[in-house]
Amino acid sequence: MLRKVPHRRGPGWNNVVVPSITGRLEITLSVRDPASSAAWYSELLGMQETYDHTSDDGRMRYICLREPSSELVLCLVGHADNPGDEFNETGTGLDHLEFVVAQREDLAEWAARLDALGVEHSGVKEFDYTANSMVTFRDPDSIQLEFFWRAPADG
């Protein structure tokens, strides 16, 4: 299905036709150990494994998880030539993943869940420049993650 969207080209706006997308996002992360990362995300987020494949040559393993209520799909891929370095958000590529929560109070519940699982985190962070709030933490590969609450635009 094609749809018209505003597109910036040159000095003015033109209407162009682009193919549509569903809006669903599937995330694939390179990790050191897909099985242990899958277990970690499954326990934290209540995700269910939907796919586990190892390449014929054994050099790549690919595990996909699905969170049932949001239908978020997170895939974890391990490559045999991964040097084992921890993630660093200051390099080109991914900075962090943000899991948006519906209510500000949800952040305290997520912080308590992280405590129960022994996952270090920031606690609920408030800011002087925005009404938004978040809890930051890291996965086993040190990928930065956030539970994020976005304040309503009117307040």
Side-chain angles (χ1 to χ4, degrees), residues 1-10 14-103 106-125 127 132-150:
M1 173 188 229
L2 297 177
R3 60 188 164 82
K4 282 193 171 190
V5 295
H7 180 74
R8 180 104 179 147
R9 184 177 288 173
N14 297 321
N15 282 332
V16 297
V17 177
V18 297
S20 66
I21 60 174
T22 65
R24 181 173 148 183
L25 178 65
E26 295 190 10
I27 301 164
T28 301
L29 301 174
S30 290
V31 298
R32 293 176 284 196
D33 180 350
S36 66
S37 289
W40 189 87
Y41 279 99
S42 293
E43 184 175 25
L44 174 66
L45 299 173
M47 300 185 93
Q48 301 164 348
E49 185 177 299
T50 61
Y51 185 78
D52 185 346
H53 172 75
T54 301
S55 63
D56 291 342
D57 64 5
R59 298 190 49 77
M60 189 250 338
R61 185 169 182 193
Y62 195 85
I63 300 174
C64 292
L65 308 170
R66 181 179 159 276
E67 197 282 322
S69 62
S70 68
E71 296 190 12
L72 167 69
V73 174
L74 177 65
C75 299
L76 307 155
V77 62
H79 299 277
D81 55 356
N82 181 331
D85 298 335
E86 283 191 343
F87 172 77
N88 181 342
E89 64 271 10
T90 62
T92 301
L94 179 73
D95 185 83
H96 67 278
L97 293 181
E98 199 170 272
F99 302 101
V100 178
V101 301
Q103 300 175 32
D106 295 336
L107 294 175
E109 292 178 21
W110 278 111
R113 175 129 179 89
L114 292 167
D115 286 340
L117 295 172
V119 176
E120 290 185 37
H121 62 87
S122 65
V124 177
K125 293 175 14 178
F127 305 97
N132 302 333
S133 303
M134 73 174 100
V135 175
T136 59
F137 59 106
R138 293 187 180 269
D139 82 351
D141 290 283
S142 200
I143 296 173
Q144 183 175 302
L145 306 169
E146 298 175 358
F147 291 113
F148 189 88
W149 175 73
R150 187 168 307 284

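When side chains are defined from C-beta on, Ile27 counts as touching Leu72, because their heavy atoms get closer than 4.5 Å. Side-chain atoms of Phe148 and Asn132, non-hydrogen and from C-beta on, do get closer than 4.5 Å to each other. Two residues are said to be in side-chain contact when any heavy atoms from C-beta on lie closer than 4.5 Å; Glu71 and Glu26 fail this criterion.
In this structure, Arg24 contributes its side chain and Val73 its backbone to no donor-acceptor pair below 3.5 Å. Looking at Arg59, its side chain never comes within 3.5 Å of a backbone N or O of Ala80 through a donor-acceptor pair.
Side chains of Ser37 and Asp141: a donor-acceptor N/O pair is present below 3.5 angstrom, by distance only. In this structure, a donor-acceptor pair under 3.5 Å is present between the side chains of Glu67 and Ser69.
A salt bridge links Asp52 with Arg61; the closest basic N to acidic carboxylate O contact falls under 4.0 Å.
Residues meeting the side chain to side chain contact (heavy atoms under 4.5 Å, CB included) test with Thr136, sequence neighbours left out: Ser122, Lys125, Met134, Glu146.
More than 12 heavy atoms of other shown residues, nucleotides or ligands fall within 6.0 angstrom of atom CG in Asp57.
Taking both residues in full, the closest heavy atoms of Leu107 and Ser133 are given as CD1-CB, 3.4 Å, listed atom of the first, atom of the second, then distance. Closest of all the heavy-atom pairs between Leu145 and Tyr41 is CD1-OH, 3.7 Å.
Each ring-ring contact (aromatic ring centres under 6.0 Å, His included) pair with one or both residues in residues 70-102, not counting sequence neighbours, appears once here: Phe99-Phe147. Within the structure, disulfide bond (SG atoms under 2.5 Å apart) contacts touching residues 41-76 (residues at least two apart or in different chains) are Cys64-Cys75.
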